[in-house]
Amino acid sequence: MKPLAPSSRHLPDEAATLAFGRELAELLSAADGFNRDAVVYLQGELGAGKTTVVRGILRAMGFVGPVKSPTYTLLEPYDELLVFHFDLYRIADSRELDFIGIDELLTAQAIKLIEWPERGAPRLPSPDLSLSLRIEGDGRRVQVHA
Ligand code: ADP
Ligand code: MG
């Protein structure tokens, strides 16, 4: 994974969060396919903007349909794009990940975007890129971790 420098940025409105997602998509879609199986952690409380970042990534990849947190199904696969969107919010025990065949999903050649990754530990690989979001004023702040 080409490194994204650790940084912190204010996102004044939803459009800014979507634009940030588009930037990430560029990194993840590098022409050499280098990042095509990246594991991306998206942390932050409910409403912090995690799914909006995912929507920005998917829009940049050409997906025009609705993008929602797969809170009940844990996983929304975008098969044509080779992107898996996980939301582990409802997981009580990381062993529940076995029911969705997590090991196979994680070894697939796909970008894995994971909301609430802390709930899936210790069944998840360490991330190639880790982000956290939080509410700041009327907007959000995103932090890119080292
Ligand atoms: P999460 O997935 O973290 O629960 P969402 O991405 O669903 O959060 O976003 C929750 C709400 O926050 C949405 O209504 C979204 O439009 C809004 N939102 C996203 N980014 C921003 C921002 N930078 N400023 C203000 N509102 C935002
Ligand atoms: Mg969400």
Side-chain angles (χ1 to χ4, degrees), residues 1 3-29 35-146:
M1 181 109 194
L4 191 60
S7 55
S8 171
R9 198 190 306 184
H10 179 69
L11 304 168
D13 52 24
E14 187 195 55
T17 308
L18 291 168
F20 177 74
R22 277 200 299 277
E23 278 179 46
L24 291 183
E26 239 165 82
L27 183 76
L28 294 168
S29 312
N35 295 327
R36 280 311 197 136
D37 58 1
V39 173
V40 181
Y41 282 10
L42 296 126
Q43 294 183 282
E45 63 190 289
L46 280 176
K50 302 179 295 297
T51 301
T52 307
V53 172
V54 172
R55 187 181 303 125
I57 292 170
L58 292 167
R59 288 280 180 268
M61 293 178 169
F63 184 77
V64 294
V67 176
K68 285 185 270 174
S69 248
T71 308
Y72 290 92
T73 53
L74 304 183
L75 166 67
E76 184 67 45
Y78 295 86
D79 289 323
E80 329 73 57
L81 301 174
L82 295 176
V83 172
F84 293 159
H85 178 198
F86 295 90
D87 180 346
L88 307 184
Y89 180 68
R90 292 187 60 83
I91 281 195
D93 186 306
S94 65
R95 278 172 293 187
E96 289 173 42
L97 291 172
D98 291 333
F99 297 126
I100 62 167
I102 191 71
D103 291 339
E104 207 173 320
L105 291 167
L106 290 172
T107 54
Q109 180 71 18
I111 294 166
K112 295 103 187 171
L113 308 172
I114 310 177
E115 299 187 41
W116 296 96
E118 59 272 38
R119 305 211 170 173
R123 301 296 311 276
L124 300 179
S126 53
D128 298 294
L129 177 65
S130 174
L131 309 173
S132 59
L133 289 126
R134 62 182 159 85
I135 295 174
E136 185 177 76
D138 292 337
R140 304 289 186 269
R141 177 161 292 271
V142 63
Q143 225 172 320
V144 178
H145 300 287

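We count ligands from 1, going down the list as the structure has it; atoms in each ligand are counted the same way. Sequence positions, counted from 1, serve as the residue numbers for this chain. Heavy atoms only: backbone and side chains are in, while hydrogens, waters and symmetry mates are out.
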Classify the side-chain pair T52/E14 by whether it contains a donor and acceptor separated by less than 3.5 Å. no
Near the Mg ion (ligand 2) (under 2.8 Å) - protein N, O or S atoms: T51 OG1, S69 OG, E115 OE1
Is there a donor-acceptor pair closer than 3.5 Å between any side-chain N or O of K50 and the backbone N or O of G44? yes
Looking at D87 and K68, is any side-chain nitrogen of the basic one under 4.0 Å from a carboxylate oxygen of the acidic one? no
Could you report the tightest heavy-atom contact between V39 and P125, atom names first, then the distance? CG2-CG, 3.9 Å
Which residues pass the side chain to side chain contact (heavy atoms under 4.5 Å, CB included) test with E96, not counting sequence neighbours? I91, A92, D93, F99
Should the heavy atoms of other residues, nucleotides or ligands under 6.0 Å from CD of E80 be counted, would the total exceed 12? yes
Please determine if R123 and D103 form a salt bridge, counting it only when a charged side-chain N lies under 4.0 Å from a carboxylate O. yes
Can you name the nearest heavy-atom pair linking R55 to V67, along with the distance? NH2-O, 3.2 Å
Every residue of the protein that comes under 4.0 Å of ligand 1, judged on heavy atoms: L11, P12, D13, E14, T17, E45, L46, G47, A48, G49, K50, T51, T52, E115, D138, G139, R140
For Y78, ring pair (Phe, Tyr, Trp, His ring centres under 6.0 Å) partners two or more places apart: F63
